[in-house]
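The shown structure was predicted, so the numbers you read here are calculated from the model rather than taken from an experiment. The figures here come from the full heavy-atom set of this structure, side chains too, leaving out hydrogens, waters and symmetry mates.
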Amino acid sequence: MSDLDILKKRINSGEKIKFQEFEDLLAQQEAIEDALEIMRGNANGLRGEPFTLRASGLGLAIVVGHTQNAQGAYGGPPINQSEYVWNKDLASRITAACSRLGVPAKIFYRDNVGISGAYQQVLNWGATCVMELHFNAHMGAAKGTETLYDAETNSGSKEWAKRLQRAMLEALGTADRDLKERDPGGRGYESVSAIDIPSALVEPFFGDNVSDATKGHNNKDELAEALARAAAAQLGTLSPFWISAAKPRQREHCGLRGK
């Protein structure tokens, strides 16, 4: 009997599995969905938007997690949207905030090209750093903010992840679940290890936790501004005015790390 079969048997018996086991299931699901997305794109002759080269300068790439065909977790009230839909809008708000800060930013999608295709576009565009947008879910039983990264592919990814984690905590006042370094096969690893620039995958809140979802919904503009300021600081374009303008919110405590 495979590990997956054993886990299914435990779930069918009504046992509550640990968050790490839930993450392992999600990693398998994402790998399958990503392969199917690439197959659909190939079958339909689609390759996403053409690759565009940027001549020079600094820039932030924003990858929207998941796809139209597989939209990720679903956020309950007051969000009432999937990860994919909610984060498409967040990405637009981040680029608008970046524009106000003088930071070049471009949105990329995994539709039709999968994770590898999206990050190839990021690389060809010439991004200086990249963030991939998600939100978490775990049957309403967990809360808080975390950022995924892989330090082996690019040594600057951990510091970039720290900037993003701090920015989200200040914007939302959520519980700090800390940074999570990914290993091969783990959830998010393919994204954060795809290319050799500072890379991170952000999980600002748990969409199926009412308290977290409300914070994400009510502070979406603040979240976008905070992530844009983190990018500006990363690229060295953030002025003292914008640093002083950031007002951190009081944070929650998430309790046990396993949740």
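Remark: Leu164 CG to Leu148 CG distance equals 11.0 Å, nearest 0.5 Å. Atom CD1 in Ile79 sits 8.0 Å away from atom NE2 in His217 (nearest 0.5 Å). With rounding to the nearest 0.5 angstrom, the CD atom of Gln81 is 9.0 Å from the CH2 atom of Trp86. Interatomic distance, CD of Glu190 versus CG of Asp34, reported as 5.0 Å (0.5 Å rounding). The CG atom of Leu223 sits 12.5 Å away from atom CG of Asn218, with the distance rounded to the nearest 0.5 Å.
Side-chain atoms of Asn154 and Ser199, non-hydrogen and from C-beta on, never get closer than 4.5 Å to each other. Considering only heavy atoms from C-beta on, Ile38 comes within 4.5 Å of Ser116 through its side chain. Side-chain contact between Lys143 and Thr174: absent, with no pair of heavy atoms (C-beta onward) separated by less than 4.5 Å. Side-chain contact check for Lys180 versus Asp178: every heavy-atom pair is 4.5 Å or farther apart. The closest side-chain heavy-atom distance from Lys220 to Asp89 is below 4.5 Å. The closest side-chain heavy-atom distance from Val63 to Ser191 is not below 4.5 Å. In this structure, the side chains of Leu227 and Met168 come closer than 4.5 Å at one or more pairs of heavy atoms. At least one side-chain heavy atom of Glu37 sits under 4.5 Å from a side-chain heavy atom of Arg40.
Shown here is Met39, whose CE atom has no more than 12 heavy atoms of other residues, nucleotides or ligands within 6.0 Å.
In this structure a side-chain-to-backbone donor-acceptor pair under 3.5 Å is present from Asp212 to Gly144. The main-chain N or O of Thr147 is found under 3.5 Å from a side-chain atom of Gln165 such that the two form a donor-acceptor pair. In terms of modelled atom types and a separation under 3.5 Å, the side chain of Asp208 and the main chain of Met139 share a donor-acceptor contact. With Ser82 contributing its side chain and Ala73 its backbone, the two residues share no donor-acceptor pair below 3.5 Å. Using modelled atom types, no side-chain atom of Asp150 and backbone atom of Ser193 make a donor-acceptor pair closer than 3.5 Å. Listed for the Thr145 side chain is a donor-acceptor partner under 3.5 Å among the backbone atoms of Pro204.
Contact record, Val64 with Ala91: CG2-CB, 3.9 Å, taken as the closest heavy-atom pair. The minimum heavy-atom distance linking Leu90 with Ala224 is given by the pair CD1-CB, 4.0 Å. Across all non-hydrogen atoms, the minimal contact from Val210 to Thr214 is O-OG1, 2.7 Å. Summarising the geometry of Cys129 relative to Gln234, their closest heavy-atom pair is SG-CG, 4.0 Å, with the distance given to 0.1 Å. Minimum interatomic distance between Pro77 and Ala213 (heavy atoms only, all atoms of both residues): O-CB, 3.8 Å. Residues Ala105 and Ile62 come closest through the heavy atom pair CB-CD1, 4.4 Å.
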message: Show, in sequence, the C-alpha distance, side-chain angles and deciding distance for Val202 and Leu133, and conclude whether the side chain to side chain contact (heavy atoms under 4.5 Å, CB included) test is met.
response: CA-CA 6 Å; Val202 297; Leu133 305 179; 3.8 Å; yes

task: Give the C-alpha distance, both sets of side-chain angles, the deciding distance and a yes or no for side chain to side chain contact (heavy atoms under 4.5 Å, CB included) between Ile107 and Ser92.
output: CA-CA 8 Å; Ile107 303 171; Ser92 296; 4.2 Å; yes

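Residue Tyr119 is grouped with residue Leu123 when hydrophobic side chains (ILVMFWY) are merged at heavy-atom distances under 4.5 angstrom, including chains of intermediate members. Linking ILVMFWY side-chain heavy atoms closer than 4.5 Å, directly or via other members, places Tyr189 and Ile197 in two distinct hydrophobic clusters. Following chains of ILVMFWY side-chain contacts shorter than 4.5 Å, one cannot reach Leu201 starting from Phe108, and the two form parts of different hydrophobic clusters. Leu60 and Val192 are assigned to two separate hydrophobic clusters, defined by single-linkage of ILVMFWY side chains at heavy-atom distances under 4.5 Å. Under a hydrophobic clustering in which Ile, Leu, Val, Met, Phe, Trp and Tyr are joined whenever their side-chain heavy atoms come within less than 4.5 Å, directly or via other members, Val130 and Trp125 fall into the same cluster.
Salt bridge annotation for Arg182-Glu132: absent, with no cationic side-chain nitrogen under 4.0 angstrom from a carboxylate oxygen. Salt bridge Arg187/Glu203: present, at least one basic N to carboxylate O contact under 4.0 Å. Looking at Arg100 and Glu225, a side-chain N of the basic residue comes within less than 4.0 Å of a carboxylate O on the acidic one, giving a salt bridge.
A donor-acceptor contact closer than 3.5 angstrom is absent between the side chains of Gln68 and Tyr109. For the 3.5 Å distance criterion, the side chains of Glu33 and Asn69 fail to qualify, holding no donor opposite an acceptor. Checking Glu83 against His134 by side-chain atom types alone, a donor-acceptor pair falls below 3.5 Å.
Residue Phe135 forms a ring pair (Phe, Tyr, Trp, His ring centres under 6.0 Å) with just one option from Tyr74, Phe206, Phe205, and that option is Phe205.
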